[in-house]
Participant: 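Before we start, here is the structure in question, set down as structure tokens.
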Amino acid sequence: MLWDIDHTLIETGGVGREVFAAAFEQTTGVPMKDMADPSGRTELVIFGETLDLHEIPRSDEYFQCFIELQARGYEERAHEMRLRGRVLPGAVTALQSVGRLAGVVQSVLTGNTRLSAEAKLRVFDLHHLVDLEIGSYGEDDPVRAKLVPIAQERAGRKLGRRFTRETTTLIGDTPQDVAAGHEGGAHVIAVASGKSTATDLKDAGAETVMPDLTDGMALARAIELRHLS
């Protein structure tokens, strides 16, 4: 099981954009005037395109510095993020219900860098419900679909099992998540908890679409049936 984070499990209440802007300015010395579209994309792409918008040359050094400053920003603003943001309804129960299924392991597939993903999940006390060692992250590859086999390989190496399209499920909230799952090699459950509607997600081809995560048992049953089939 590979979970998207933002707008699937949590919302930052606008803190995420502010942390990005602060880390961008600290890294480049240039105040952020505009930001590349973050929806369903990896941090590597978002940061690179935001550099382009400010006519700043891309560099690996900038990105590595940004990664550390961004994660530190989430940690420093943890209290504010709890006040302004939230764990989305049903997310904890859904993670717990899926976690009790025999033979199922949970991690994340996210556009966030690993440091920021860990920071966000710690802020909302979700980090202990997933195995972050076998996930894939926004610095692993600019193409989101390529994060699926990266996670499968990491899980396979750690657990001694081979993970394929038939045994991998991705849960996300955008058409980009649906496309990444299908192109990368996963079954997709889409949750209309972000900006995308249930119709948007059905049209994108998600095998299962749910309005939210409040029916954690139904989600677990859907996954169990998929797993058993």
Side-chain angles (χ1 to χ4, degrees), residues 1-10 38-45 88 90-91 94-95 97-114 117 121 126 129-194 196 198 200-213 215-216 218-229:
M1 293 297 308
L2 293 169
W3 291 87
D4 175 53
I5 294 177
D6 293 293
H7 306 295
T8 300
L9 294 174
I10 68 164
S39 181
R41 309 171 83 205
T42 66
E43 205 73 79
L44 185 59
V45 171
L88 287 173
L95 284 163
S97 297
V98 174
R100 286 192 287 267
L101 295 176
V104 175
V105 292
Q106 297 186 97
S107 190
V108 297
L109 185 149
T110 176
N112 290 283
T113 67
R114 177 165 177 173
L121 293 173
L126 300 178
L129 297 173
V130 292
D131 184 344
L132 293 169
E133 290 184 2
I134 60 175
S136 50
Y137 303 91
E139 70 268 39
D140 288 329
D141 198 284
V143 179
R144 197 176 181 97
K146 293 185 179 179
L147 300 184
V148 177
I150 289 172
Q152 289 170 328
E153 191 276 332
R154 286 174 177 162
R157 187 170 62 244
K158 179 176 180 178
L159 302 171
R161 296 162 52 186
R162 181 170 177 264
F163 291 90
T164 65
R165 182 182 299 274
E166 288 69 35
T167 56
T168 305
T169 299
L170 183 153
I171 302 181
D173 67 288
T174 69
Q176 292 94 326
D177 291 320
V178 178
H182 290 164
E183 294 168 20
H187 173 86
V188 178
I189 295 175
V191 186
S193 50
S196 301
D200 294 333
L201 299 169
K202 288 177 183 175
D203 290 345
E207 289 88 341
T208 303
V209 178
M210 304 182 70
D212 52 42
L213 293 173
D215 194 345
L219 174 64
R221 285 195 298 271
I223 293 166
E224 191 169 32
L225 287 172
R226 168 74 181 173
H227 180 65
L228 291 173
S229 65

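Everything numeric in this text was worked out from a predicted model, so none of it was measured.
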Participant: Measure the shortest side-chain to side-chain distance between Tyr137 and Val108 over non-hydrogen atoms and say whether it is less than 4.5 angstrom.
Facilitator: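 SC-SC contact between Tyr137 and Val108 confirmed.
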
Participant: Please evaluate residues Trp3 and Leu121 with respect to the criterion side chain to side chain contact (heavy atoms under 4.5 Å, CB included), reporting the C-alpha separation (whole Å), side-chain torsions for both, the decisive distance (0.1 Å), and the verdict.
Facilitator: CA-CA 12 Å; Trp3 291 87; Leu121 293 173; over 6 Å; no

Participant: Do the side chains of Leu88 and Val191 get nearer than 4.5 Å, heavy atoms only?
Facilitator: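 A side-chain contact is absent here, since even the closest heavy-atom pair is not under 4.5 Å.
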
Participant: Kindly say whether Arg41 contributes a backbone atom to a donor-acceptor pair with the side chain of Gln176 at under 3.5 angstrom?
Facilitator: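 No; zero donor-acceptor contacts below 3.5 Å.
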
Participant: Distance-only, no hydrogens or angles: does the Ser136 side chain make a donor-acceptor pair with backbone N or O of Val148 under 3.5 Å?
Facilitator: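 The answer is no, because no donor-acceptor pair under 3.5 Å joins these two groups.
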
Participant: Could you tell me whether the side chain of Thr208 and the main chain of Ile189 form a donor-acceptor pair under 3.5 Å?
Facilitator: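 Not at all, since once roles are kept as given, no pair shorter than 3.5 Å links the two residues.
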
Participant: Are the side chain of Glu43 and the backbone N or O of Glu139 linked by a donor-acceptor pair below 3.5 Å?
Facilitator: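 It does not hold such a pair.
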
Participant: Pick from Thr110, Thr42, Asp4: which one makes a side-chain hydrogen bond (donor to acceptor under 3.5 Å, both in side chains) with Arg144?
Facilitator: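 Single side-chain hydrogen bond (donor to acceptor under 3.5 Å, both in side chains) partner of Arg144 among Thr110, Thr42, Asp4: Asp4.
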
Participant: Measure the OG1-CG distance between Thr8 and Asp177 for me, rounded to the nearest 0.5 Å.
Facilitator: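 Output value for this atom pair is 6.0 Å.
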
Participant: Between Leu126 and Leu95, which heavy-atom pair has the shortest distance, and what is it?
Facilitator: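 Where Leu126 meets Leu95 most closely, the heavy atoms are CD2-CD1, 4.1 Å.
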
Participant: Could you give the distance from CG (Leu201) to OG (Ser196), rounded to the nearest 0.5 Å?
Facilitator: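 Going from CG on Leu201 over to OG on Ser196, the span is 5.0 Å.
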
Participant: Ignoring hydrogens, what is the shortest heavy-atom contact between Pro142 and Leu44? Give both atom names and the distance.
Facilitator: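 Shortest heavy-atom separation between Pro142 and Leu44 comes out as CD-CD2, 3.7 Å.
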
Participant: Measure the CG-CD distance between Leu2 and Gln106 for me, rounded to the nearest 0.5 Å.
Facilitator: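 Spacing of CG (Leu2) from CD (Gln106) equals 10.0 Å.
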
Participant: Roughly how far apart are Met1 CE and Leu109 CG, rounded to 0.5 Å?
Facilitator: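 The CE atom of Met1 sits 11.5 Å away from the CG atom of Leu109.
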
Participant: State which residues pass side-chain contact (heavy atoms from CB on, under 4.5 Å) with Asp215; sequence neighbours excluded, sorted by chain then number.
Facilitator: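 Expected list: Met217, Ala218.
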
Participant: Is there a side chain to side chain contact (heavy atoms under 4.5 Å, CB included) between Leu213 and Leu9? Walk through the geometry before answering.
Facilitator: CA-CA 9 Å; Leu213 293 173; Leu9 294 174; 4.2 Å; yes

Participant: With heavy-atom distances below 4.5 Å as the criterion, would you say the side chains of Val104 and Val98 are in contact?
Facilitator: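 The answer is yes, as the side chains (C-beta and beyond) meet within the 4.5 Å cut-off.
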
Participant: Which heavy-atom pair separates Ile5 from Ala117 by the least distance, and what is that distance?
Facilitator: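 Here Ile5 and Ala117 meet closest at CD1-CB, 3.7 Å.
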
Participant: Classify the side-chain pair Ser193/Asp212 by whether it contains a donor and acceptor separated by less than 3.5 Å.
Facilitator: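 Side chains of Ser193 and Asp212: no pair found under 3.5 Å.
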
Participant: Determine which pairs satisfy side-chain hydrogen bond (donor to acceptor under 3.5 Å, both in side chains) with at least one residue from residues 150-159, sequence neighbours left out, and list them in order.
Facilitator: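 Counting only pairs at least two positions apart or across chains, the side-chain hydrogen bond (donor to acceptor under 3.5 Å, both in side chains) contacts touching residues 150-159 are Asp131-Lys158, Glu133-Lys158, Asp140-Arg154, Gln152-Thr168, Glu153-Arg157.
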
